[in-house]
> 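Can you read through this structure? Questions will come right after.
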Amino acid sequence: MDHQIGGIGLGQKDFSIIVVADTQNVAKSNQPEQLVTMAEWIIDHAEEWNIQKVLHVGDVVDDGIDNEQQWENHRQAFDRIDAAGIPLLFSIGNHDYDNLLTENRDATAFNKHCGGDRFIGKDWFGGQYEHQAENMYTLLNIEGEKYMFMTLEFAPRSEVIDWANDVIKSHSDHKVIMVTHSFLYIDGTHTAPGANHHPHDDVGTQDGHDGKSLWEKCIKKHPNITAVYSGHHVGGNVSHRLDEGEHGNLVFQSFQNWQLTENGGQARFRLVHYRPKEGIVQ
């Protein structure tokens, strides 16, 4: 499936990013080796597809801090990608919070396994909000073009959105690709109050913003944001939409999640291929 998209530099060589969605049921299943198979495919095909980044849209595990084995299953796969030198970025899902947001936003386990030791010290590490991995950005030069990859927490707080706005403005010469756990529904509409699995269904994210609000308060305001990837919702597997920002830039927004399919999705992922000379994402 091809989509015309603006905001990517004409003349660049083709490149790809990997989008991994909601691996929670694979991480807790009796077939976690599927995650390793996924990781090995990405590594083996990194040169062929010019893979520049691996993004995870969240729900890395299912049981927060309560099941260390799920985190170990996760690390057996993603540590391989890290060791291969392919930059990673994880979005935190509601199931990755220590208490699954039944009390608060504590994220000790997520930061242990998806945070500092993976990123700080890497030449592509950009920065974090509150020194936590839930809100972070990385910077890459891809075929001569500057890119920022930013992850925002599940249902970003107002202060996080303010931080994101400041960081994006201060990197106006970078194309921005964002990942956050909940942004689009399975029908391609922005998450909004009153629908299933809204962030305000959880105690810990009563102070958070949904997809519609995040679009209005942040994403549509910046001419350099080109794409947003998310997961979380169930009942469908893939949806997308294209919207024009305030500055006339097209923003590609994509939902993906296979957690309720056979064997928790079998570690499916999306290979997103950018064809800058034609202004196409495939």
Side-chain angles (χ1 to χ4, degrees), residues 1-23 37-58 81 84 86-91 124 138-151 174-181 183-190 211 215 219-220 222-233 236-245 248-258 261 265-282:
M1 184 177 293
D2 295 353
H3 298 284
Q4 199 75 30
I5 188 168
I8 52 180
L10 297 179
Q12 284 177 262
K13 180 181 175 183
D14 292 2
F15 68 93
S16 302
I17 64 173
I18 299 292
V19 179
V20 182
D22 297 70
T23 50
T37 300
M38 174 200 71
E40 290 177 342
W41 190 97
I42 292 169
I43 294 165
D44 291 345
H45 292 81
E47 184 175 356
E48 174 188 355
W49 285 98
N50 195 16
I51 295 171
Q52 296 287 327
K53 191 76 172 181
V54 175
L55 304 174
H56 196 303
V57 302
I81 297 172
I86 304 172
L88 288 164
L89 190 62
F90 299 93
S91 182
W124 41 263
T138 63
L139 304 171
L140 288 177
N141 188 305
I142 301 176
E143 304 298 341
E145 189 84 18
K146 293 179 179 178
Y147 280 84
M148 174 193 293
F149 294 86
M150 174 177 280
T151 182
H174 286 67
K175 311 300 181 186
V176 179
I177 295 174
M178 186 178 289
V179 58
T180 190
H181 188 52
F183 183 71
L184 287 191
Y185 282 125
I186 63 174
D187 61 358
T189 58
H190 290 131
W215 170 262
I219 295 167
K220 78 172 188 179
H222 300 281
N224 53 331
I225 295 183
T226 67
V228 184
Y229 295 96
S230 62
H232 181 52
H233 299 282
N237 303 126
V238 176
S239 68
H240 72 275
R241 65 185 292 147
L242 280 166
D243 290 300
E244 192 173 283
N249 55 306
L250 279 179
V251 183
F252 176 63
Q253 302 146 74
S254 173
F255 157 82
Q256 44 274 299
N257 185 7
W258 294 274
T261 60
Q266 298 175 306
R268 285 178 177 86
F269 60 89
R270 302 189 84 184
L271 188 148
V272 185
H273 192 56
Y274 282 82
R275 294 156 53 191
K277 290 181 181 179
E278 301 153 88
I280 288 174
V281 58
Q282 180 179 31

> Measuring from atom NZ of K220 to atom CD of E244, what distance do you get when rounded to the nearest 0.5 angstrom?
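Here the rounded value is 11.5 Å.
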> Are M38 and I18 close enough, and set up right, to give a side chain to side chain contact (heavy atoms under 4.5 Å, CB included), and what steps lead you there?
CA-CA 11 Å; M38 174 200 71; I18 299 292; over 6 Å; no
> Do the side chains of Q256 and S254 get nearer than 4.5 Å, heavy atoms only?
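Yes. Closest side-chain heavy atoms under 4.5 Å.
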> Would you give the length of the straight line joining atom NZ of K53 to atom CD1 of I86, rounded to the nearest 0.5 angstrom?
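One gets 11.5 Å once the value is rounded to the nearest 0.5 Å.
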> Return the CD1 to CE distance between I225 and M148, rounded to the nearest 0.5 Å.
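So the gap between those two atoms works out to 9.0 Å.
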> Quick one: list whatever passes side chain to side chain contact (heavy atoms under 4.5 Å, CB included) with S239, sequence neighbours left out.
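Residues passing side chain to side chain contact (heavy atoms under 4.5 Å, CB included) with S239: L184, F255.
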> Any side-chain heavy atom of V272 within less than 4.5 Å of one from Y229?
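When only atoms from C-beta onward are counted, Y229 and V272 do touch, with a gap below 4.5 Å.
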> Just by modelled atom types, is the V251 backbone N or O under 3.5 Å from a matching donor or acceptor in the T226 side chain?
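Looks like no, no N/O pair under 3.5 Å.
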> Taking atom CD of E48 as the centre, report whether more than 12 heavy atoms of other residues, nucleotides or ligands fall under 6.0 Å from it.
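Correct, the count exceeds 12.
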> Are any of the side-chain heavy atoms of R268 and T261 separated by less than 4.5 Å?
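Side-chain contact under 4.5 Å: yes.
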> Examine distances only and state if a side-chain atom of T151 and a backbone atom of F90 form a donor-acceptor pair shorter than 3.5 Å.
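Yes; at least one donor-acceptor contact below 3.5 Å.
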> I'd like to know whether F252 forms a side chain to side chain contact (heavy atoms under 4.5 Å, CB included) with L242, so could you lay out the CA-CA distance, the side-chain angles of the two residues, the decisive distance to 0.1 Å, and finally the verdict.
CA-CA 5 Å; F252 176 63; L242 280 166; 3.8 Å; yes
> If you take all heavy atoms of S230 and H181, which pair is closest and at what distance?
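Nearest pair, atom of S230 first, then H181: CB-O, 3.7 Å.
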> Quick check: does any side chain N or O of N257 sit under 3.5 Å from a backbone N or O of G231, one acting as donor and the other as acceptor?
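Absent.
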> Once side chain to side chain contact (heavy atoms under 4.5 Å, CB included) is applied, do any residues pair with H273, and if so which ones, sequence neighbours excluded?
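Testing H273 for side chain to side chain contact (heavy atoms under 4.5 Å, CB included), a comparison that skips the adjacent residues, returns D14, S16, W49, L271, R275, Q282.
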> Who pairs with F149 by ring pair (Phe, Tyr, Trp, His ring centres under 6.0 Å), at least two apart in sequence or on another chain?
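F149: no ring pair (Phe, Tyr, Trp, His ring centres under 6.0 Å) contacts found.
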> Check for a donor-acceptor pair, side chain of S91 on one end and backbone N or O of G58 on the other, with a separation under 3.5 Å.
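Side chain of S91 to backbone of G58, a donor-acceptor pair under 3.5 Å: no, none is there.
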> Could I get the full list of side-chain hydrogen bond (donor to acceptor under 3.5 Å, both in side chains) partners for N237, not counting sequence neighbours?
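side-chain hydrogen bond (donor to acceptor under 3.5 Å, both in side chains) list for N237, sorted by chain: empty.
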> List the residues meeting side-chain hydrogen bond (donor to acceptor under 3.5 Å, both in side chains) with H56, not counting sequence neighbours, and say none if there are none.
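Counting only residues at least two positions away or on another chain, H56 forms a side-chain hydrogen bond (donor to acceptor under 3.5 Å, both in side chains) with T23.
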> Are the side chains of Y147 and T138 in touch, meaning some heavy atoms are under 4.5 Å apart?
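Not touching, per the 4.5 Å side-chain cut-off.
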> Could you check whether the rings of F15 and Y274 sit parallel, tilted or perpendicular, using 30° and 60° as the cut-offs?
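Plane angle under 30°, so parallel.
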> For D243, check side-chain hydrogen bond (donor to acceptor under 3.5 Å, both in side chains) against everything at least two apart and list the hits.
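R241, Q253.
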> Got a sec, which residues hit side-chain hydrogen bond (donor to acceptor under 3.5 Å, both in side chains) with E40, two or more places apart in sequence or on another chain?
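By the side-chain hydrogen bond (donor to acceptor under 3.5 Å, both in side chains) rule, E40 matches R80.
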> Whether the side chain of N224 engages the backbone of V176 through a donor-acceptor N/O pair (distance < 3.5 Å, no angle test) should be reported.
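No, because the side chain of N224 does not come within donor-acceptor range (under 3.5 Å) of the backbone of V176.
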> Please name all residues satisfying ring pair (Phe, Tyr, Trp, His ring centres under 6.0 Å) with H222, sequence neighbours left out, ordered by chain then number.
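Here no residue qualifies.
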> Once rounded to the nearest 0.5 Å, what's the spacing between atom NE2 of H45 and atom CD1 of I43?
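Output value for this atom pair is 12.0 Å.
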> For a 4.5 angstrom cut-off between non-hydrogen side-chain atoms, does I177 reach L55?
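Sidechains of L55 and I177: in contact.
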